[in-house]
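First listed ligand is number 1; within each ligand, the first listed atom is number 1.
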Amino acid sequence: KPRLYSGMQPSADSLQAGNYIGALLQWRDMQSSYDAFFSVVDLHAITVAQDPAVLREKTRRTAAQYIAAGIEPSKSTLYVQSHVRAHAELAWILSTITGFGEANRMTQFKDKSSRFGADATSVGLFTYPVLMAADILLYQSELVPVGDDQKQHVELTRDLAERFNSRFGETFTVPTPVIQKETARIYDLQNPTSKMSKSAESDAGVLWLLDDPAKSAKKIMRAVTDTEGSVRFDRENKPGVSNLLTIYAALSGRQMESIEDEYAGRGYGDFKKGLAEVIVSEFGPVRDRANELLADPAELDRVLATNAAKADAVADATLADVYDRVGLLRRV
Ligand code: AQP
């Protein structure tokens, strides 16, 4: 089976609907056809300020939500990034073949650092894409499902893999990004032209996977729409309604047209009520399962440890090869 790698940052207590629809549902569907590695990327999460105890908890919670959403730890390798030391080690090696100018062209760093200011921006945030390259290359991944904001980072990963291979001999598989479909991209309910995000400034437009269903329903009822009153998909002119339709179709597994037909001639109120029901019935069981898993953290930690050992085996082999090829003296 072809190798696949993807990950998510443990940057909130709960994942949001975009993470679920845009990442977890796709991962779940891909896990049977691929030898998949899914990581909770805690080393990435510490590139911005965070609280240690809270980070630990968020890491467990993120892993629990992967499993609750249907990522099976017996099928896929589901692990915590920091449990596999090779990530940090390979990132160092790759940083030595990354041009400063090349890293400096990464637009995500430019966006984030301009928000934080120079003094609050860490070198780790700058080298974030190099760590991401290490994540992907360690497993000789062929495919990397990502949102299009990560495309530039996967391009850098490809460049680094090719550069290393041509300088030191064939070592890495050059990965291909699998860019998320537009129908899997979810926008903020209050501001439907920007993507839904865990770290949105306001919580009002974010649907949390683990939230109380009544709260999620309320957020849907208050979601921004338009004055036209007809339920139809038109991303440009009706971003709010189009976003709700996208969520509806993704969670119910129905075609967009059949939903448009069902609500033809009915108001947004009915449509929103229907969507709220879909959300409650889809998120409810995921939330219950995640809570069950979190009620036994020792068992969850054991599952993560077993999976980290599986990841270690693959990652260590790649790293040993890399150390040899760059000329580091073998410890006997
Ligand atoms: N709104 C979204 N629609 C579809 N997919 C989304 N993803 C995130 N938001 C949406 C996908 O979820 C995964 C999460 O990746 P991440 O945790 O590394 O960070 P992110 O993409 O920056 O997601 P967030 O929720 O906005 O997190 P923060 O606030 O921490 O930056 C990726 O596969 C992404 O495509």
Side-chain angles (χ1 to χ4, degrees), residues 4-31 36-50 54-55 58-59 61-63 65-66 69 71 78 80-81 87 106-109 111-113 115-116 124-125 128-129 131-133 135-136 141 143-154 157 175 177-203 205-211 219 223 235 239-240 242-251:
L4 178 150
Y5 178 89
S6 204
M8 248 187 246
Q9 295 187 69
S11 44
D13 277 347
S14 171
L15 297 175
Q16 39 89 3
N19 302 135
Y20 182 72
I21 294 167
L24 291 178
L25 288 185
Q26 324 281 322
W27 297 0
R28 186 188 69 190
D29 291 345
M30 291 173 112
Q31 67 181 337
F37 286 72
F38 296 121
S39 170
V40 178
V41 293
D42 53 349
L43 294 174
H44 283 282
I46 61 170
T47 57
V48 296
Q50 43 72 41
V54 174
L55 176 66
K58 286 175 177 170
T59 301
R61 294 178 73 89
T62 302
Q65 289 169 86
Y66 281 17
I71 308 297
L78 188 173
V80 174
Q81 183 189 29
H87 286 262
M106 297 294 121
T107 55
Q108 187 179 72
F109 174 75
D111 289 350
K112 288 197 179 173
S113 59
R115 265 187 275 146
F116 302 158
L125 188 67
Y128 182 114
L131 178 59
M132 181 166 157
D135 299 341
I136 297 166
S141 316
L143 295 174
V144 188
V146 285
D148 71 346
D149 55 325
Q150 293 298 319
K151 197 170 166 214
Q152 197 186 25
H153 293 168
V154 184
T157 305
V178 183
I179 304 297
Q180 191 177 71
K181 290 182 277 216
E182 176 58 33
T183 50
R185 196 157 311 141
I186 306 305
Y187 297 86
D188 190 282
L189 300 178
Q190 290 300 322
N191 184 9
T193 48
S194 36
K195 75 162 201 159
M196 191 178 282
S197 173
K198 293 188 223 91
S199 51
E201 267 169 40
S202 154
D203 167 76
V206 184
L207 276 179
W208 300 106
L209 193 54
L210 300 184
D211 220 348
K219 283 185 181 169
R235 166 77 61 216
S242 301
N243 187 39
L244 298 180
L245 266 167
T246 306
I247 301 173
Y248 203 133
L251 295 183

Could you list which atoms of ligand 1 come closer than 4.0 Å to a heavy atom of G147?
35 (O)
Rounded distance [0.5 Å steps], CD in Q108 versus CD in Q152:
9.0 Å
In Å and rounded to the nearest 0.5 Å, what is the CG to OG distance from N19 to S11?
7.5 Å
Answer yes or no: is there a donor N or O on one side and an acceptor on the other, between the side chain of T47 and the main chain of G124, under 3.5 Å?
no
Out of F38, Y5, F37, which residue meets the ring pair (Phe, Tyr, Trp, His ring centres under 6.0 Å) rule with W27?
F38
Do P145 and Q26 come within less than 4.5 Å of each other through their side chains, counting heavy atoms only?
no
Considering only the protein, which heavy-atom contact is closest to atom 19 (O) of ligand 1, and what is its distance?
K198 NZ, 3.9 Å
Between ligand 1 and P145, is the shortest N or O to N or O distance under 3.5 Å?
no
Tell me whether E182 at atom CD has more than 12 heavy atoms from other residues, nucleotides or ligands lying less than 6.0 Å away.
yes
Give me the residue, atom name and distance of the protein heavy atom closest to atom 3 (N) of ligand 1.
I186 N, 2.9 Å
Does a donor on one side chain and an acceptor on the other come within less than 3.5 Å for S202 and Q190?
no
S11 heavy atoms within 4.0 Å reach ligand 1 at atoms 28 (P), 30 (O)
Shortest protein heavy-atom distance from atom 6 (C) of ligand 1, along with the residue and atom involved
G18 O, 3.4 Å
Heavy atom of N19 under 4.0 Å from ligand 1?
yes
Hey, is ligand 1 close enough to S197 that some N/O pair sits below 3.5 Å?
yes
Does an N or O from S6, backbone or side chain, lie closer than 3.5 Å to an N or O of ligand 1?
no
Out of all atoms in ligand 1, which are within 4.0 Å of some heavy atom of A184? Include the element for each.
3 (N), 4 (C)
Interatomic distance, OG1@T183 vs CG@L245, rounded to 0.5 Å, equals 12.5 Å
Just to confirm my output: which protein heavy-atom neighbour is closest to atom 33 (O) of ligand 1, and how far is it?
A23 CB, 3.7 Å
Identify the closest protein heavy atom to atom 25 (O) of ligand 1: which residue and atom is it, and at what distance?
Q16 NE2, 2.8 Å
Tell me if a side-chain donor or acceptor on Y66 pairs with a main-chain N or O of M8 at a distance below 3.5 Å.
yes
Polar proximity ligand 1 side, Q180 side, N/O cut 3.5 Å exclusive:
yes
What atoms in ligand 1 come closer than 4.0 Å to a heavy atom of R185?
3 (N), 4 (C)
Nearest-neighbour protein heavy atom for atom 13 (C) of ligand 1, which is reported as residue plus atom name and distance:
M8 CG, 3.5 Å
Donor-acceptor under 3.5 Å (Q50 side chain, L55 main chain):
no
What residue and atom, counting heavy atoms only, is the protein's closest point to atom 20 (P) of ligand 1, and at what distance?
K195 NZ, 3.5 Å
Starting from atom 29 (O) of ligand 1, locate the nearest protein heavy atom and write down its residue, its atom name and how far away it is, to 0.1 Å.
S199 OG, 2.4 Å
Provide the number and element of each atom of ligand 1 under 4.0 Å from a heavy atom of G22.
4 (C), 5 (N)
Salt bridge present between K219 and D203 (N-O < 4.0 angstrom):
yes
